[in-house]
Amino acid sequence: MTERDTSPPPDFIRAIIAQDLKTGKNAGRVVTRFPPEPNGYLHIGHAKSICLNFGIASEHKGGICHLRFDDTNPTKEEIEYIDSIKKDIKWLGFEWGDHLYYASDYFERLYEYALQLIKAGSAYVCDLSAEEIRQTRGTLTEPGKESPYRQRSIKENLDLFERMRKGEFEDGSRVLRAKIDMASPNLNMRDPVIYRILKAAHPRTGDKWCIYPMYDFTHPLSDSIEGITHSICTLEFEDHRPLYDWFLDKLKVKSHPQQIEFARLNLSYTVMSKRKLLELVEQRYVTGWDDPRMPTISGLRRRGYTPESIRNFCERIGVAKRDSIVDMALLEHSIREDLNEKAPRVMAVLRPLKVIIDNYPKDKTEEFEILNHPNNPAMGSRNIPFSREIYIEQGDFLEDPPKRFFRLAPNREVRLRAAYFITCVDVVKDEKTGEIKELHCTYDPATRGGDAPDRRKVKGTLHWVSAPHSLPAEVRLYDRLFTKANPTGEKNGADFKAYLNPNSLEILTSSRVEPSLAGAKPEDRYQFERQGYFCVDSIDSKPDALVFNRTVTLRDSWAKIEKGMRRLSIFSFMDKV
RNA sequence: UGGGAUGUCGUCUAAAGGCAGGACACGAGAUUUUGGAUCUCGUUAUGGUGGUUCGAAUCCACCCAUCCCAGCCA
């Protein structure tokens with residue numbers, strides 16, 4: 001109802017902004033920005049930053065969040081990434097309106113600023129090679145050495161820098177450096193490079209430039225040009241803040257934004273660096289940036305996640321400065337919570353086991369009406385056909401059931417959801433392999449709809465589909481990409497790929513789904529009763545060849561019991577030896 | 001070992017000198033035509049040692065642990 005009801009709990013950044021507003025620091029303005037480099041796809045860590053920056057802007061009257069592409073390195077950046085980033089931000093539910101910017105749009109002004117710096121005697125052209133610069137930078141504990149070119153005259157610097165722009169020099173032969181302090185304990189202040197020669201075509205400026213500004217120079221000035229008030233970034237830039245401030249203090253700028261750093265998101269059982277994700281893509285460990293196992297926005301979308309669930313997740317994890325690894329279970333909770341409310345229920349049998357109901361007439365078909373959502377009649381209902389031959393889940397039958405197994409077993413009665421009670425009377429097996437081929441059951445006509453007039457109870461309720469009416473489907477069961485909560489945290493420096501989960505994808509090609517799914521559209525989401533949430537794959541599913549992706553399983557208390565029993569049996573085995 | 005940061009339930013995160021709270025996870029129970037959902041209840045935490053104070057997660061000192069920085073990446 002009120003804004004307070006929907007806005008996230010205050011965090012230290014919102015507290016700073018509230019304080020600034022109170023003291024009138026930025027004349028009541030709140031302008032943030034989300035500044036991706038178009039060198040990869042956005043992931044859930046970016047979603048955290050997007051929710052923060054766009055969220056903060058939306059919480060204040062007149063607040064604005066800019067989308068600015070930080071496209072200063074043409075060797076790594078591509079239009080494809082720009083397009084995907086825009087698409088993902090929109091899909092998440094945020095809008096930048098007219099405020100779409102590119103750092104490359106500022107190249108001319110940035111060049112002017114560089115000139116200004118040179119004229120002030122605060123920058124110089126350095127002819128040292130990359131290797132020489134590295135060697136003279138010093139170490140964490142030793143100061144660096146000043147470049148022999150550090151004392152060049154302003155006139156010579158101006159001349160050289162102009163000629164750098166004209167393309168007179170080769171890549172790597174010269175750079176422009178800020179003249180700060182080679183003995184600074186902060187390595188970033190040891191005369192950082194601010195322009196390098198790169199004779200590469202830029203996705204937006206083409207061949208217009210052959211010198212490109214570095215991030216440390218570009219970012220504060222872009223922020224200032226746009227009138228950003230709060231420049232929110234991640235912790236690794238904390239050491240860069242003195243440099244951020246140095247440029248803004250040295251140059252004539254109209255405003256001096258405040259950089260604030262927060263801890264980037266880490267999620268258990270996945271990796272969250274663009275470099276590592278790129279590696280998984282390029283080396284074909286996954287099918288692409290949008291592989292449903294990837295923590296990318298496009299991967300999560302294809303997996304079946306909703307924008308709301310991701311936004312809720314980002315709100316729940318909070319914003320702080322402490323390094324942390326958020327439990328994947330929280331992300332899974334967020335999508336279950338959302339889909340539990342929104343997803344219509346349907347029945348699908350993933351691993352079919354045929355059941356013949358001996359006392360049901362051979363040619364009879366009847367229909368049962370079933371609610372699309374048991375807790376929300378407003379979502380309507382549908383009819384599902386029933387006949388003598390049905391499929392149930394292989395895992396719902398056990399010849400020799402353990403305690404607490406409530407499903408079907410020889411001579412046991414269970415309920416078929418919304419249909420009848422059935423009792424298993426016979427098990428047909430392959431004589432050679434012992435594999436269960438089919439089950440014979442009888443049904444009780446008095447239990448039509450799933451209720452027994454004599455009030456007798458049945459422990460289990462199974463999902464099912466009518467064999468002749470059901471549709472074939474491919475179902476892709478996705479699981480966590482890694483077997484280790486923190487695959488990159490190995491002290492011995494082991495390769496994170498060693499912990500890839502070999503079972504992160506299981507493809508089922510003989511699943512059967514209820515006929516109402518015939519018209520399912522790409523990205524449609526359903527709950528397959530008793531199993532999980534699934535969505536129609538946006539790439540591979542065809543009207544006559546449906547493909548479903550498992551978004552997340554339902555919470556499964558039976559699986560927990562099973563796991564516990566397995567552990568128990570191991571213990572009792574160990575007792576015996 | 002220079003500099004910058006950070007330490008609160010298993011995991012995230014609140015508490016600006018005054019009852020250590022919430023969410024997830026976990027456990028118990030109720031309920032249930034999804035072993036789902038829902039509801040109720042519950043276990044578990046201030047890195048350490050000193051100090052200041054009537055009172056410390058919070059202030060001070062020292063220690064310990066973890067993360068980031070030596071790209072012409074961002």
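Residue numbering restarts at 1 for every chain, and letters A, B, ... go by the order of the sequence lines.
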Hey, does the side-chain of [X] have a donor or acceptor N/O within less than 3.5 Å of a partner on the base of [N]?
| X | N | result |
| --- | --- | --- |
| A:Q531 | B:U34 | no |
| A:R417 | B:U34 | no |
| A:R404 | B:G35 | no |

Base, sugar-phosphate, or nothing: which does [X] touch, judged by heavy atoms less than 4.0 Å apart?
| X | answer |
| --- | --- |
| A:E529 | base |
| A:R241 | nothing |
| A:F262 | nothing |
| A:R316 | sugar-phosphate |
| A:P374 | base |
| A:L462 | nothing |
| A:R275 | nothing |
| A:K560 | sugar-phosphate |
| A:V458 | nothing |

field: A:R407 to A:F397, cation-pi by 6.0 Å centre distance and 45° axis angle
entry: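 Geometry flag: not set, cation outside 6.0 Å or 45°.
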Is the closest side-chain donor-acceptor distance between [X] and [Y] under 3.5 Å?
| X | Y | result |
| --- | --- | --- |
| A:Y443 | A:E413 | no |
| A:R264 | A:T234 | no |
| A:E529 | A:H463 | no |
| A:T139 | A:E142 | yes |
| A:N53 | A:R33 | no |
| A:Q259 | A:S231 | no |
| A:Y305 | A:E332 | no |

Starting from [atom2] on [N], measure out to [atom1] on [X] and report it in whole angstrom.
| X | N | atom1 | atom2 | value |
| --- | --- | --- | --- | --- |
| A:K321 | B:U6 | NZ | C1' | 9 Å |
| A:L408 | B:G35 | CG | P | 14 Å |
| A:I13 | B:A14 | CD1 | C1' | 16 Å |
| A:E315 | B:C12 | CD | C1' | 14 Å |
| A:E332 | B:C12 | CD | C1' | 15 Å |
| A:K48 | B:C12 | NZ | P | 11 Å |

Could you please name the option among [options] that lies closest to any side-chain atom of [X]?
| X | options | answer |
| --- | --- | --- |
| A:S324 | B:U1, B:U13, B:U34 | B:U13 |
| A:R322 | B:G36, B:U13, B:G35 | B:U13 |
| A:L330 | B:G35, B:A23, B:U6 | B:A23 |

- request: Would you please test A:M347 and A:L462 for side-chain contact (heavy atoms from CB on, under 4.5 Å) and show each step?
  value: CA-CA 10 Å; A:M347 293 203 279; A:L462 310 187; over 6 Å; no
Taking a pair as Watson-Crick or G-U wobble with both distances under 3.5 Å, which nucleotide is matched to [N]?
| N | value |
| --- | --- |
| B:G2 | B:C69 |
| B:A61 | B:U49 |
| B:A30 | B:U38 |
| B:U44 | none |
| B:C24 | B:G10 |
| B:A15 | none |

message: Return a single string for nucleotides 65-74 of chain B, one symbol per nucleotide in 5' to 3' order, where B is base contact, S is sugar-phosphate-only contact and - is none, cutoff 4.0 angstrom on heavy atoms.
response: --SBBBSBSB
query: Tell me, for nucleotides 38-48 of chain B in 5' to 3' order, what letter each nucleotide earns: B for a base near a protein heavy atom under 4.0 Å, S for only sugar-phosphate near one, - for neither?
result: -----------
When you compare [N] with [M], how far apart are their [atom1] atoms, in angstrom units rounded to a whole number?
| N | M | atom1 | answer |
| --- | --- | --- | --- |
| B:U6 | B:U44 | P | 30 Å |
| B:A16 | B:G50 | C1' | 24 Å |
| B:A57 | B:G21 | C1' | 13 Å |

- prompt: Is any side-chain N of the basic residue among A:K76 and A:D71 closer than 4.0 Å to the acidic one's carboxylate O?
  reply: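 Salt bridge absent between A:K76 and A:D71.
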statement: Note: A:A263 and A:D323 closest approach over all heavy atoms is CB-N, 4.3 Å
query: Where does B:G71 fall, syn or anti, if syn means a chi angle no more than 90° from 0?
result: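 It is syn.
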field: Spacing of A:L416 atom CG and A:F368 atom CZ [to the nearest 0.5 Å]
entry: 8.5 Å
